[in-house]
Student: 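If you scroll down you'll find the structure; I have some questions about it.
Chain naming here is simple, since letters A, B, ... match the order of the sequence lines and numbering starts at 1 in each. Only heavy atoms go into these numbers, but all of them, side chains included; no hydrogens, no water, no symmetry mates.
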Amino acid sequence: ETGVTQTPRHLVMGMTNKKSLKCEQHLGHNAMYWYKQSAKKPLELMFVYNFKEQTENNSVPSRFSPECPNSSHLFLHLHTLQPEDSALYLCASSPKRGDTDTQYFGPGTRLTVL
Amino acid sequence: SQKIEQNSEALNIQEGKTATLTCNYTNYSPAYLQWYRQDPGRGPVFLLLIRENEKEKRKERLKVTFDTTLKQSLFHITASQPADSATYLCALVSDSSYKLIFGSGTRLLVRP
């Protein structure tokens, strides 16, 4: 295991639901990331937090709302999603933003929007 | 436009052979390049990092080369095993930002 956990592993939701994805890292890292991975497409960086501060929002629609209460936890709040938002959502962490930036990924949450 | 390209077709090889995967990039000047392995339904796992001033990096059966003139990295697995079957992603960080940009990956299948 990489030291990064994500829950739930699978989520099915309707377009009117509100749900949250949770990520926790046990590595003592200070940077955390959300990525979206759709079939046959590269990982898309969504959000970056460095020392609990959001440092990057990669033009993500407002129906995705991140929250980082401390350096070990990261949430992605979801509301009024669209079917095209169905994908694997990956959380990652790294010691800090920048430098060699090797990232440690969680197993992902497979999201299906009906 | 900036692009990272990996062969979208699966690479199918016989056990024991050397697998060679390619990562090409355009309009980037990466300070370093990374390779990750991803198994189905799992997150990527870091394998190797190579810096722009390094030509080659090795780790056990893995070898990565980095040619900044050709704008290409090659990833080799020697004495391949069925357990090496996975998707391999290259990722780079540009000098101008700290974003890690991923290619779409190449799937490797090693036949017993």
Side-chain angles (χ1 to χ4, degrees), chain A residues 1-11 21 23-25 27 29-50 55-59 74 87-112, chain B residues 1-10 21-26 28 30-54 57 59 62 64 66 73 86-107:
Chain A
E1 296 302 322
T2 62
V4 181
T5 58
Q6 289 186 244
T7 54
R9 294 293 310 277
H10 301 273
L11 178 62
L21 309 185
C23 175
E24 183 173 0
Q25 57 95 0
L27 301 168
H29 289 168
N30 292 303
M32 296 188 78
Y33 312 78
W34 279 117
Y35 287 89
K36 174 183 179 182
Q37 188 175 35
S38 305
K40 308 279 180 150
K41 291 176 70 175
L43 273 75
E44 300 172 46
L45 180 64
M46 301 174 71
F47 301 104
V48 181
Y49 279 81
N50 200 28
T55 58
E56 187 116 12
N57 176 338
N58 214 27
S59 302
L74 186 64
L88 182 67
Y89 288 84
L90 291 160
C91 172
S93 70
S94 67
K96 62 179 181 180
R97 184 74 165 138
D99 196 32
T100 56
D101 211 28
T102 300
Q103 295 184 13
Y104 296 77
F105 286 83
T109 295
R110 173 67 63 185
L111 174 67
T112 303
Chain B
S1 63
Q2 296 177 313
K3 284 194 295 187
I4 303 174
E5 293 181 306
Q6 294 185 257
N7 195 338
S8 59
E9 290 184 21
L21 307 176
T22 304
C23 176
N24 295 299
Y25 58 91
T26 54
Y28 283 108
Y32 54 90
L33 192 144
Q34 303 180 15
W35 284 87
Y36 289 77
R37 169 184 172 142
Q38 187 173 21
D39 291 284
R42 311 287 294 179
V45 175
F46 171 75
L47 296 175
L48 279 169
L49 179 151
I50 186 165
R51 299 180 188 276
E52 60 180 338
N53 60 351
E54 297 174 317
K57 204 76 167 282
K59 178 182 175 184
L62 309 180
V64 172
F66 193 10
S73 176
T87 296
Y88 291 86
L89 310 173
C90 72
L92 58 81
V93 173
S94 172
D95 259 344
S96 60
S97 80
Y98 287 121
K99 279 187 191 180
L100 194 59
I101 313 295
F102 284 85
S104 54
T106 298
R107 188 171 175 214

Student: Mind listing the closest non-hydrogen atom pair of A:Gln103 and B:Gln34 along with its distance?
Tutor: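 Minimum heavy-atom contact is N-OE1, 4.5 Å.
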Student: Examine whether an atom of B:Gln38 lies under 4.5 Å from a heavy atom of chain A, and if so say whether it belongs to the side chain, the backbone or both; otherwise answer neither.
Tutor: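 For B:Gln38, the side chain is the part near chain A, not the backbone.
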Student: Do you know which of B:Gly41, B:Gly43, B:Gly103 has the most heavy-atom pairs under 4.5 Å to chain A?
Tutor: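 Of the options given, most contacts go to B:Gly43.
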Student: Going from CG on B:Leu89 to CZ on A:Phe105, what distance comes out if it is rounded to the nearest 0.5 angstrom?
Tutor: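 CZ of A:Phe105 is found 8.0 Å from CG of B:Leu89.
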Student: Would you mind telling me which of A:Gly106, A:Pro42, A:Cys91 has the largest number of heavy-atom pairs within less than 4.5 Å of chain B?
Tutor: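 Maximum pair count with chain B is reached by A:Pro42.
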Student: So what's closer than 4.5 Å to chain B heavy atoms on A:Tyr35: side chain, backbone, both or neither?
Tutor: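 The answer is the side chain of A:Tyr35.
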Student: Below 4.5 Å from any heavy atom of chain A, which atoms of B:Ile4 appear? Answer side chain, backbone, both or neither.
Tutor: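 B:Ile4 has no heavy atom closer than 4.5 Å to chain A.
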Student: Decide if atom OH of A:Tyr104 counts as having more than 12 heavy atoms of other residues, nucleotides or ligands within a radius under 6.0 Å.
Tutor: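 No, the 6.0 Å shell around OH holds no more than 12 heavy atoms from other groups.
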Student: Where does A:Glu44 contact chain B at under 4.5 Å (heavy atoms): side chain, backbone, both or neither?
Tutor: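 Neither part.
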Student: If I take atom CG from residue B:Leu100 and atom OG1 from residue A:Thr102, how far apart are they, to the nearest 0.5 angstrom?
Tutor: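 That separation rounds to 8.5 Å.
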Student: What part of A:Leu43 is in contact with chain B, defined as an atom under 4.5 angstrom from a non-hydrogen atom: side chain, backbone, both or neither?
Tutor: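 Both backbone and side chain.
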